[in-house]
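This report refers to the structure that appears directly beneath it.
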Amino acid sequence: MQSLYLEGNSALHRLSPRAKIFSLFLLGLVLFISNNIPLLAVVMLLTVLAYRSVGMPKKESAARLKPILLTIAFVALVTFIVNPWHQALATLLRLTALMLFAAAVTATTTIAQFMDEITTLVRPLERIGWVKATDVGLAVGLVLRFVPEIIARYHAISEAHAARGLKVRPTTILTPLIILTLRDADNVAAAIDARGIRRHVS
Amino acid sequence: MNIRFESAGASFGARVAVEPLTLSLTENRLGVIGLNGSGKTTFARMVNGLMKPTTGKVIVNGRDTRDEKTALAEVGFIFQSPQNQIILPIVRDDIAFGLNGRGLTKAEIEKKVELVLARFNAEELAPRRAHELSGGELQIAALCSVLATGPDILILDEPTNQLDLRNRALVQKTIDGLEENVVVITHDLELISGFERVLLFHEGKLAADAPAAEAIAHYRELAA
């Protein structure tokens, strides 16, 4: 199983997981409240620096960001077609900044740290009976765990297509990807059950 | 261990995976063999309560698996693909993960993680990432994650599947040295050749219940 976490000793690695999660939350608020292009541009540049500071090799950075960058570019393009240009530019800057900082946080925080923090943050909601905090932490942890798994599975299926001389098409990739991902999810759920991880949830 | 199958069987809809059987299992080492789809894994899942019997009942150390909401705490299970068993990418985190929510302090959890890794001289695995481990190391990591919680019975589903000779030997040595009661489901007949009792499943039925040599000979006849 692969991980989005990158070993390192950067400032972001040393920052507490709680501070990083709160910073991400606040950044999201600021980015979506403001439509000021110069401000958004400065914030985006800062997030570029933050992402570069984690020490990830360029090739791996590009591989990680490419799919989401393409999605953002598509959203910005559609916004440009139906809205004024400055709105499209704001969308592009806003989403890129948010993605870069989120990627930096994910690369410098282990899944276990994420789960601990989310569980602690959600604990007040448990006291009023809304949720089980450990379940929320586990759910977030599993999402983070599955992201690189699904990407690796996508590449494996693409290679299998290439090996058979088939053209890679979304229609022929999605079905096996969904089936295999669901099967993996089933296996992991059985492992969670067998290890008694939710047995002691109060 | 004390496992009792009382007319316990399992079906998936109309398909019978394990026909009702009555058994008492008290041996320290139990092997389970059979062709693919013969019902071995379903049998094992019935022992730890992941699969509830659709007929009869299974009693493990005095507890009826049907009454348990989740799998039994005293039965650890190592799956065919240990990478699916390992939830968190770093070995140390994963072992600790299974110990959360049991009223232990962080220091106690860390101590337990250290102890279980030390038991297999595998301390160096602690900071490593699961996807970088060899097949044998992955099995050891999965084993540690299960044993850290202190089960009485350990079920290993095809533990030497897809391992090279070196890793296979590592896993065999580890299994031989376990103090816990062990149930091994396998196609690797050498792995269970010294076991005092081996169950042979064939098309969902118990075809043999005998010492290893006898059950293996019967299996070879069935497979021929």
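Every chain is numbered from 1 and lettered A, B, ... according to where its sequence line falls, protein lines coming before strand lines.
For the pairing with V60(B), the side chain to side chain contact (heavy atoms under 4.5 Å, CB included) check across N2(B), N48(B), L25(B), T65(B) returns one residue only, T65(B).
Contacts between S81(B) and chain A at a heavy-atom distance below 4.5 Å are absent for every atom of the residue. For E7(A), the parts sitting under 4.5 Å from any heavy atom of chain B are the backbone and the side chain alike. Within the 4.5 angstrom heavy-atom criterion, no atom of P151(B) approaches chain A.
R66(B) has a carboxylate O that lies under 4.0 Å from a charged side-chain N of D64(B), or vice versa, which qualifies the two as a salt bridge.
Under the rule for a side-chain hydrogen bond (donor to acceptor under 3.5 Å, both in side chains), R183(A) has no partner lying at least two apart in sequence or in another chain. Annotation: side-chain contact (heavy atoms from CB on, under 4.5 Å) contacts of T55(B) (sequence neighbours excluded): P20(B).
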